[in-house]
Amino acid sequence: MAQPSERPSVVLGVSGGIAAYKACSLVRLFTESGHAVRVVPTAAALEFVGAATWAALSGQPVHATVWEDVHDVPHVRLGQGADLVVVAPATADLLARAAHGHADDLLTSVLLTARCPVLMAPAMHTEMWQSPATGANVALLRSRGVVVLDPARGRLTGADTGPGRLPDPEEIFAAAVRLLARGATGPDLAGRSVVVSAGGTREPLDPVRFLGNASSGRQGFALAASAAARGARVTLVAANCALPAPAGVDVVPVGSARQLQEAVVAAAKDADAVVMAAAVADFRPAEVTNHKIKKSFAPGAEDDAPVVRLVRNPDILAGLVAERAAGRLGAPVIVGFAAETGDDSGDVLHHARAKLARKGCDLLVVNDVSDGKVFGADRNTVTLLRPDGTAAPVAEADKAEIADAVWDAVASLAGWLSGEDPCRTPASGR
Ligand code: CTP
């Protein structure tokens, strides 16, 4: 491992898939941000990108077999000295060999000797990713604490599309840096399955207009990215967000509150935690016209304006709590968000406590938005409120740090850290 004054040491394993060329950008992202990178390509990876490219980009010698510089024992030293091992792309074959403890080349030997966090970014054709053999290998690796990101969906090598694409190098890099920053704590959410909602719902009025809100979805995306980097399987139900999908996160795009509810309830069935960070419209237009609403130009109609009647949307968070109480939802930890201001009837915490009691969730992440604070800000101050009345302030932090604080609170609430789990057996054991 790197000494405190040294650059963090990353071993980047590259296995033999066409996405190997994208790993070149990953090397650059690491080196330009002050990491020392040793690239370990498999023999098949070298069919796609040559050793000279890896050496030039990393500024370090490249070993591809256990037979080079044997006196340095690279098959042991590289893994022992790493602060993080990333494998991108990880092919079906590499996942199989890693899962079964093979040591038939340098990269698999490194994986056996590494004691640091390991992050794998699979890339392969959809059929290979969805095959029972690959599924079992991935499950085995995850059960051992390896962070195996789900591949992205999209265009594959040929004309076909589906899950199997390597996530964007920038997103893999972001996940790697977060895992590295957690040090020994590593992938503490491995084996957990979580659902996060993000963004703001839009309630249509006619084919071109809607009632909406200004939520960007950034806090929800930060929550999803944090959970994935800590090893969780993440479904991110994203309402109208223009943000890149975090690596390893299954993004379900939705528009309205009712679509968001349908997607969250479906994903929550197998989840260990649900975090409702989305800004959900409480009301929607009672009538949605299938044609554009026109203004009248008739004489005397200048002051005419349509009256929009609204009806209530479901309270998704309270609905989840009710479903859980009725035994129809397993027992995920349920978390709400609340942006509050103080007024004559009470301060922010007074209103937040009332909301927590009304919603019945296990944790409420409270933003004080008095005087225009928070909206659009990169940094934020929140309070984590629990039903027993405890209020834990989180010092001003960026959205990624707040996301980590929320998952820390969820993990402690659920007893995931101590090994006891009052809510349910771990997802990995199901
Ligand atoms: N929420 C929800 N369904 C709704 C409204 C809100 O699930 N129809 C969730 C949000 O995702 C958030 C929490 O409830 O996690 C609190 O949202 P907020 O808008 O503050 O709550 P409201 O019940 O709408 O309260 P208010 O009257 O203060 O707007």
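Note that ligands are numbered from 1 as they come in the structure, with each ligand's atoms numbered from 1 the same way. Bear in mind that the values here come from a model prediction, so they are computed numbers and not experimental data.
- Rounding to the nearest 0.5 Å gives a distance of 14.0 Å between CZ of Phe173 and CG of Asp168.
- Residue contacts with ligand 1 for Leu317 involve both N, CA, C or O and side-chain atoms from C-beta outward (heavy atoms, distance under 4.0 Å).
- Taking 4.0 Å as the cut-off, Asn313 does not count as a neighbour of ligand 1 on heavy-atom distance.
- Taking every heavy atom of Gly336 and a limit of under 4.0 angstrom, the matching atoms of ligand 1 come to 15 (O).
- Under 3.5 Å, the side chains of Ser9 and Asp83 contain no donor-acceptor pair of N or O atoms.
- A side-chain N or O of Asp343 and one of Ser345 form a donor-acceptor pair less than 3.5 Å apart.
- With ligand atoms numbered from 1 in the order given, ligand 1 contributes 2 (C), 3 (N), 4 (C), 7 (O), 8 (N) to contacts under 4.0 Å with heavy atoms of Asp315.
- Around atom 14 (O) of ligand 1, the closest heavy atom drawn from Arg258, Lys359, Arg284 belongs to Lys359.
- Proximity of atom 20 (O) of ligand 1 to the protein is indicated by at least one non-hydrogen atom lying closer than 4.0 angstrom.
- Of the protein's heavy atoms, Phe337 O, 3.0 Å lies nearest to atom 12 (C) of ligand 1.
- Using modelled atom types and a 3.5 Å distance limit, the side chains of Ser370 and Asp368 yield a donor-acceptor pair.
- The neighbour count for Arg258 CZ, taken as heavy atoms of other residues, nucleotides or ligands under 6.0 Å away, does not exceed 12.
- With respect to atom 15 (O) of ligand 1, the closest heavy atom belonging to the protein is Met276 O, 2.7 Å.
- Among Ser197, Gly319, Ala278, the residue whose heavy atom sits closest to atom 10 (C) of ligand 1 is Ala278.
- Note on ligand 1: Ala277 sits outside its first shell, no heavy atom being nearer than 4.0 Å.
- The neighbour count for Glu323 CD, taken as heavy atoms of other residues, nucleotides or ligands under 6.0 Å away, is above 12.
- Looking only at atom types and distance, the side chain of Glu203 has a donor-acceptor partner in the side chain of Thr201 under 3.5 Å away.
- Scanning all protein heavy atoms for the shortest distance to atom 26 (P) of ligand 1 gives Lys355 NZ, 3.6 Å.
- The nearest heavy-atom contact from the protein to atom 3 (N) of ligand 1 is Ile316 N, 3.1 Å.
- For atom 27 (O) of ligand 1, the choice among Ile334, Asp282, Asn367 with the nearest heavy atom turns out to be Asp282.
- A 6.0 Å sphere centred on CZ of Arg353 holds more than 12 heavy atoms belonging to other residues, nucleotides or ligands.
- The environment of Asp388 atom CG is dense: over 12 non-hydrogen atoms of other residues, nucleotides or ligands sit within 6.0 angstrom.
- Ligand 1 lies out of reach of Gln261, whose nearest heavy atom is not under 4.0 Å from it.
- Of all the atoms in ligand 1, the ones that sit under 4.0 Å from a non-hydrogen atom of Pro314 are 3 (N), 4 (C), 8 (N).
- Annotation for Arg182: atom CZ counts as buried by contact number, over 12 foreign heavy atoms lying within 6.0 Å.
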